[in-house]
Amino acid sequence: MAAKISYADVEVGTELPAQSFSVTRATLVQYAGASGDFNPIHWNEKFAVEVGLPDVIAHGMFTMAEAMRVVTDWVGDPGSVLEYGVRFTKPVVVPNDDKGATIEVSGKVAVKLDDNTVRVDLTATSAGQKVLGMSRAVVRLA
């Protein structure tokens, strides 16, 4: 695969298409199985509350991966991502109901770098709270 977005067609401030990602308890169980992270704060409400959380929370790495989908969907090639980092600011609380939680993600090109690369800054929120801080990716474009 190759990036489908041309460096020449992108300017600082270019916005990536925003996306919303649904997270349910079933999603968390599936992710736990795939990742091997069976920490009970991600599936056991009683335990999560006992350790001071408001409810079961999504895995941080799951939240991080969902946010990155905005970038990989935009650029068209996951292999174009050269760097990615975040700070976890708030957990994504996932209630045990039919709706679960929603992670809202937007992004924009913050800096055009050398060698056809750009830095994309992402904003990820859930329930009106910012859940990732300093969420940044460096991506090589076509």
Side-chain angles (χ1 to χ4, degrees), residues 1-7 10-142:
M1 280 184 145
K4 66 180 180 182
I5 302 295
S6 171
Y7 182 81
V10 173
E11 299 297 331
V12 170
T14 297
E15 293 187 14
L16 284 62
Q19 294 187 51
S20 298
F21 304 99
S22 177
V23 186
T24 65
R25 296 281 178 96
T27 309
L28 298 181
V29 171
Q30 292 168 338
Y31 182 81
S35 69
D37 182 352
F38 293 99
N39 187 323
I41 64 173
H42 304 303
W43 58 269
N44 184 319
E45 187 173 329
K46 181 179 180 292
F47 183 86
V49 171
E50 285 176 356
V51 299
L53 295 168
D55 205 333
V56 165
I57 63 169
H59 303 73
M61 297 303 274
F62 173 82
T63 304
M64 195 175 168
E66 291 292 79
M68 180 49 69
R69 286 175 57 188
V70 168
V71 175
T72 58
D73 287 354
W74 173 69
V75 75
D77 178 12
S80 295
V81 178
L82 305 176
E83 297 175 27
Y84 180 44
V86 306
R87 291 194 181 160
F88 300 106
T89 56
K90 297 278 184 188
V92 175
V93 178
V94 183
N96 191 19
D97 60 15
D98 294 335
K99 291 175 32 174
T102 302
I103 303 169
E104 304 279 345
V105 184
S106 61
K108 68 179 177 180
V109 174
V111 180
K112 287 185 83 167
L113 303 165
D114 296 328
D115 198 23
N116 284 13
T117 60
V118 296
R119 189 186 86 211
V120 175
D121 291 353
L122 298 166
T123 301
T125 62
S126 183
Q129 295 191 342
K130 193 172 182 179
V131 295
L132 298 176
M134 300 291 291
S135 184
R136 297 177 172 172
V138 175
V139 183
R140 177 163 288 117
L141 303 179

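Hydrogens, waters and symmetry mates play no part in the numbers below; they use all other heavy atoms, side chains included. This structure is a prediction, so every number in the text was calculated from the model and none was measured.
When the side-chain hydrogen bond (donor to acceptor under 3.5 Å, both in side chains) test is applied to T27, the partners found at least two apart in sequence or on another chain are T24. Contacts of Y84 classified as ring-ring contact (aromatic ring centres under 6.0 Å, His included), with partners at least two apart in sequence or in another chain: none. In this view, D55 and R25 satisfy the side-chain hydrogen bond (donor to acceptor under 3.5 Å, both in side chains) rule, not counting sequence neighbours.
Without hydrogens or angle criteria, S22 side chain to T102 main chain gives no donor-acceptor distance under 3.5 Å.
Inspection of the Q19 and D73 side chains reveals an N or O donor paired with an N or O acceptor under 3.5 Å.
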Inset, instruction - With side chain to side chain contact (heavy atoms under 4.5 Å, CB included) as the test, would you mind laying out the steps for L132 and F88 before giving the verdict? - result: CA-CA 5 Å; L132 298 176; F88 300 106; 3.6 Å; yes
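A distance of 10.5 Å separates CZ in R136 from CG in L122, rounded to the nearest 0.5 Å. The distance from the NZ atom of K90 to the OG1 atom of T125 is 13.5 Å, given to the nearest 0.5 Å. Here the straight-line distance linking atom NZ of K4 with atom CG of D77 works out to 10.5 Å at 0.5 Å rounding. With rounding to the nearest 0.5 angstrom, the NZ atom of K112 is 10.5 Å from the OG1 atom of T117. Residue N44 holds its CG atom at 11.5 Å from CG of L53, rounded to the nearest 0.5 Å. Here the CG atom belonging to L141 is positioned 7.5 Å from the CD1 atom belonging to I5, to the nearest 0.5 angstrom.
Summarising the geometry of A124 relative to I103, their closest heavy-atom pair is CB-CG2, 4.5 Å, with the distance given to 0.1 Å. Looking at every heavy atom in both residues, A58 comes nearest to T63 through CB-OG1, 3.9 Å.
Taking the six-membered ring for Trp and thresholds of 30 and 60 degrees, H59 and H42 have nearly parallel ring planes, at less than 30 degrees apart.
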